[in-house]
Structure formats: structure tokens, C-alpha cells
Protein chains: 2
Amino acid sequence: MGRAVTEPMSKQDIDSLMKPVVDLWQERRTREGSSDAVYGTLREAILSKALTPGPQLAEEDLARVFGVSRTPIREAILRLETERLVERSSGRRVAVARISPAEILEIYDVRVALDGVAAELATQRATPPDIAQLRWINEKMIASGQAGDYAGVSALSLDFHDWIAKASGNGFLLSQIRVVHDRVRRFERTTLQHPGRLGSAAEEHERLLDAIASGDVDRATSLARAHMLNAKKIRLAMAETPPD
Amino acid sequence: MGRAVTEPMSKQDIDSLMKPVVDLWQERRTREGSSDAVYGTLREAILSKALTPGPQLAEEDLARVFGVSRTPIREAILRLETERLVERSSGRRVAVARISPAEILEIYDVRVALDGVAAELATQRATPPDIAQLRWINEKMIASGQAGDYAGVSALSLDFHDWIAKASGNGFLLSQIRVVHDRVRRFERTTLQHPGRLGSAAEEHERLLDAIASGDVDRATSLARAHMLNAKKIRLAMAETPPD
DNA sequence: ACTGCGTGCTTTGTATACAGCGGAGTTCGA
DNA sequence: TCGAACTCCGCTGTATACAAAGCACGCAGT
């Protein structure tokens with residue numbers, strides 16, 4: 001069942017753990033207020049998996065590491081909690097939120113629905129520059145794959161779908177899709193690491209792009225949905241074979 | 001163009017405006033911390049339209065009204081801001097967020113997608129008690145309509161769709177749908193106020209229920225989507241005839 | 001009369017002090 | 001030896017004090 005609820009951690013540990021985080025922070029601090037800067041720094045650290053679930057984050061420790069008082073730290077944590085990026089465990093202690101395997105699968109049902117309607121709307125509203133940008137992103141994704149850069153691959157895949165959401169012209173839909181993407185970024189593994197998936201995903205992207213470019217709304221919608229259903233299938237397969 | 005950016009407001013005005021809000025507050029305060037209680041109270045006040053966009057909320061005024069220090073007020077506002085229930089206008093002043101007519105329409109595209117997949121999943125997983133509960137909600141909605149209680153009608157309509165989302169068994173989907181419902185609650189008018197809509201909506205609910213009960217996944221999905229598309233059409237029609 | 005700058009006030013942002021709650025470890029009793 | 005209660009410590013929650021930034025108003029100069 002893993003480790004105990006409270007994980008002991010020396011101040012040394014925290015310092016070394018937060019080291020890369022604090023680097024980004026130094027730069028932000030100049031142009032943003034402390035609270036906003038701490039929030040942005042911690043948020044990006046969690047999304048980029050520099051901070052992972054497990055160790056508990058004590059306000060005073062964070063305050064010391066960032067060199068500010070507890071107040072901006074509290075405000076940052078509160079916002080992160082509202083976004084479910086951190087969660088309060090026992091007591092009132094806070095930790096980076098865990099993502100359950102069940103939730104990972106759940107998210108794909110939502111992605112099928114949202115990316116479907118995004119493709120539908122984007123097909124009606126996408127401009128030639130949108131198409132060109134999407135092609136460029138997809139090609140760059142393939143190139144990153146050939147270079148073995150899987151972090152780049154998954155980022156570009158999300159960029160691809162983010163751009164379709166933008167092209168949909170529906171700001172609310174875009175914001176909802178970004179909530180989903182912020183979850184996906186935190187997954188330990190990517191479906192694109194699965195053998196052969198990068199190739200099939202890139203191909204599906206291309207076919208989707210063709211449908212969008214040709215204005216075929218129904219085909220674009222069903223291809224987008226099928227694309228995400230395939231991703232869900234890969235997830236199910238990956239669940240059988242743990243990362244070891 | 002409405003009024004100036006800064007709207008003058010005497011302390012008297014704020015007191016009377018917040019009066020009904022503070023009543024709910026008195027009760028919450030006993031069992032929750034100040035910050036949580038203020039957050040919950042303000043949140044419910046905004047969702048129930050007791051607090052509407054326009055007047056600016058100064059931290060010190062709120063602190064005085066609630067009888068706490070600025071700290072819990074700040075924390076509550078920060079959380080509301082993350083949920084986009086309040087927004088910072090010029091300076092750093094905060095006000096209840098406005099909802100644009102364009103966003104209202106945008107939301108229905110998302111509802112079509114999310115309620116579609118919710119119905120799809122619910123059809124596969126709903127239990128007889130779920131069906132019974134849904135029938136009961138729909139009947140109560142009709143009764144409220146006959147009693148002229150339109151606030152009750154729209155609340156029950158949201159309950160209906162919320163219950164389907166719960167029955168889907170997908171917690172992430174449920175949370176996303178609730179984000180949407182929290183927006184819908186803030187709309188000034190309901191599609192169900194539109195002449196004849198309450199009847200057709202109740203009927204659509206019933207047909208959707210039949211499909212869910214009979215396990216017809218495709219039919220349930222398409223009925224749920226059609227239901228929301230109809231709601232969007234009503235919205236478009238309502239946009240032509242302003243509330244005056 | 002209008003524009004530009006400067007000054008003062010109001011409001012927000014940050015730090016610090018204090019109170020209260022929960023947990024861990026210890027000690028006493030059976 | 002095991003269990004239960006108690007005590008102490010650390011952390012969070014709230015209040016308050018202080019710093020800084022924005023806005024409005026007024027004044028002066030053109």
C-alpha cells in the first residue's frame with residue numbers, strides 16, 4: 001500500500017527538490033507579484049512533472065525556499081487546490097494531487113466528446129493559416145519522434161489538439177479542453193510511447209487534417225473521435241503492462 | 001455604454017446588498033472555517049444571482065460586512081477568481097464576472113458534447129433506482145412549471161442532467177458537467193421560460209429516459225444531443241427578443 | 001479652456017504575530 | 001506487554017500592521 005501518510009523529509013531534501021523550480025522563479029519574480037509568480041512557478045512545476053505526488057508541502061518550507069512570507073505561498077496553494085493540482089490530505093496538509101488509473105481512463109471519454117465537437121467547429125471555421133500551422137505541428141511531432149524526444153512529442157501532440165480547439169472559435173470549449181490537457185500533461189506515461197502508436201497517431205492527425213481542410217464536417221468529427229478512442233485503447237493496453 | 005469603470009457606492013448600499021448573503025453566512029460560520037464559509041457563501045450568492053455583475057467588491061467592505069479580517073476574504077475571492085466567478089477589472093479591483101451573450105451560445109456546444117457522452121455512459125450503467133429518481137425529478141419539474149415556479153423548474157432541469165452525469169459513473173465527466181452547470185445557473189433567463197419550451201423539454205427528458213431504461217445506447221446519445229441542440233436553438237431565438 | 005504633471009488618498013499586496021487544532025510520542029495503568 | 005489517554009510540538013488559520021501601487025483630483029502652464 002505504499003508509504004505512510006506522513007512522509008518525513010529534511011529541509012535539505014526540500015531544498016534540493018525545489019532547486020530547479022526556484023530557477024524559473026527568479027525570473028518571474030521581477031515582472032509579477034510574489035503571489036502570482038509563486039503560483040505560476042508551482043503550477044508549471046507540477047504540470048511539467050518536476051513536482052510529483054508524494055512529499056508534503058509545508059507552507060513555511062516553501063516560504064523559506066522562495067524567500068517570501070507564508071502569505072503569497074498560501075494564496076498560490078489555494079489557487080492550485082481549486083484547480084485540483086494539489087490536494088489536502090489528512091489534517092490540513094497539502095500535497096501534489098495524485099491521479100488514479102481510473103481517472104486516466106475517464107478523461108479519455110471526455111476527450112472523445114470535446115475533441116469531437118472541436119473538430120466539428122474547426123472544420124467550419126479553420127483558415128488556411130490554421131491548416132498550415134497544424135501540418136507544421138504534426139510534422140515537427142514526427143521529427144521529434146525520430147529524434148527520440150518523447151517529451152517533445154507529447155507536447156506537440158497536445159499543441160496539435162490545442163490548435164484545433166483554438167480554431168473552433170469557441171472560447172469556452174477551448175478553456176474546457178485546456179483543463180483536460182493540463183491533466184493529460186501530468187500522466188506518467190504517454191500513449192505515444194507505446195510501440196507503433198506515434199506512427200498511427202501522426203497518420204490519424206493527417207487524415208483528420210485532410211478532412212478539416214476539405215470542409216467535410218462529419219468525417220472530421222468522426223476521425224477526431226476515433227483518434228481519441230484509439231488513444232483510450234492504448235491506455236487500456238498500457239494498464240496491463242506496468243512501467244517496470 | 002453603461003456606467004464608468006468605477007461605480008461609486010456608499011457603505012449603506014453594500015450593507016443592504018449583502019444583507020441576504022450574510023444570513024446564509026451566519027449559519028455556515030459555525031461549522032466551517034472563516035475562509036471556507038466566506039467562499040461558500042459568496043459562491044452560492046453568485047450562482048443564485050443574489051450577487052450580480054456590476055458593483056465592485058472591496059476587500060475591506062466585505063471584511064466589515066462578514067465581520068472577519070481581510071485574510072479570509074482575500075482567500076475566498078482568490079478561489080472564486082480561479083473559477084471565473086469573479087474577475088479583476090482595472091487596477092486590481094474585483095467584481096462579479098460578466099457572462100457575454102456569445103459565451104452563452106458557446107456553452108451549448110459543450111453541453112451537446114458532454115451530455116451526449118454522459119447519456120451514452122449512463123445508458124450502460126444506470127440502475128433502476130437511477131431511472132426512478134430521474135422520472136421523479138422530471139415529474140417534479142413539470143409540477144413546478146404548472147405552479148409557475150420557474151426558479152424551481154430550471155433547478156430541477158439541472159438536477160436531471162446532473163443525475164445522468166452521476167449515473168455515467170465517470171467522475172471526471174461529472175466534474176466537467178458541473179462546471180458547465182455552474183455557468184448555466186448564472187444566466188439571466190432560462191430557455192424553459194420560453195413559450196412552450198417547458199413542455200417540449202419535459203417530453204424530451206421522458207423520451208431520453210425511455211432510451212436509457214431500455215439500454216438503447218445510440219438512441220439515448222442522439223436524444224441527449226438533440227435535446228441540447230434544441231435548447232441552443234431556443235437561446236438563439238431568445239437572443240432576438242431582449243428581456244424588455 | 002485644455003492638457004500635463006504632481007500630490008494625496010484609497011485599495012491592494014506582503015509580512016509578521018498570535019491563536020487553535022491535530023498528530024506523534026510517551027507514560028501510566030491494567 | 002498491550003492499550004489508552006495525555007502532553008507537547010508543529011503546523012495551519014486568522015488577525016493586524018506595514019509597504020507599495022493605482023486613481024482621482026487639483027493645480028499650473030500653455
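We use all heavy atoms of the structure for the numbers below, so side chains are in, but hydrogens, waters and symmetry mates are not. Lettering follows sequence order; numbering is per chain, from 1.
Side chain A/Arg70 to base D/dG13: a donor-acceptor pair is found below 3.5 Å.
Nucleotide D/dA21 holds its P atom 13 Å from the CZ atom of B/Arg92, rounded to whole Å. Rounded to an integer number of Å, the gap from A/Arg93 CZ to D/dT12 P is 7 Å. Rounded to whole angstrom, the span from the CD atom of B/Glu59 across to the P atom of D/dA17 amounts to 17 Å. One interatomic measurement links the two molecules: CZ of B/Arg64 to C1' of D/dT14, which rounds to 19 Å at whole-angstrom precision. B/Ile77 places its CD1 atom 13 Å from the P atom of C/dT11, with the value rounded to the nearest Å. B/Tyr39 places its OH atom 18 Å from the C1' atom of D/dG13, with the value rounded to the nearest Å. One can place CD1 of A/Ile73 at 16 Å from P of C/dG13, the figure rounded to the nearest angstrom. Following rounding to the nearest Å, A/Asp61 (CG) and D/dC11 (C1') show an atom-to-atom distance of 10 Å.
In this pair, A/Phe187 and A/Tyr108 present their aromatic rings tilted. The plane angle is within the 30 to 60° band.
Which of D/dA15, D/dG13, C/dT12 sits closest to the side chain of B/Glu60 comes down to C/dT12. In this structure, the nucleotide among D/dA15, D/dT14, C/dG13 sitting nearest to the side chain of B/Ser35 is D/dT14.
Rounded to the nearest 0.5 Å, atoms CD (B/Glu83) and CG (B/Leu78) are 11.5 Å apart.
Closest-nucleotide positions on DNA chain C for A/Thr71 and B/Leu57 were compared, and the one nearer the 5' end corresponds to B/Leu57.
Here the closest non-hydrogen pair linking A/Glu87 and A/Arg98 is OE2-N, 3.4 Å. Heavy-atom minimum distance, B/Ile99 versus B/Ile104: CG2-CG1, 3.9 Å.
The phosphate of D/dT16 (OP1 or OP2) has no side-chain N or O of B/Ser69 nearer than 4.0 angstrom. Side-chain nitrogen and oxygen atoms of B/Ser34 include at least one within less than 4.0 Å of the OP1 or OP2 phosphate oxygen of D/dT14.
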Practice problem: Any chance you could lay out the salt bridge (charged side-chain N to carboxylate O under 4.0 Å, His left out) test for B/Arg79 and B/Asp36, step after step, and finish with the verdict? | Solution: CA-CA 10 Å; B/Arg79 287 197 260 180; B/Asp36 292 340; 2.7 Å; yes
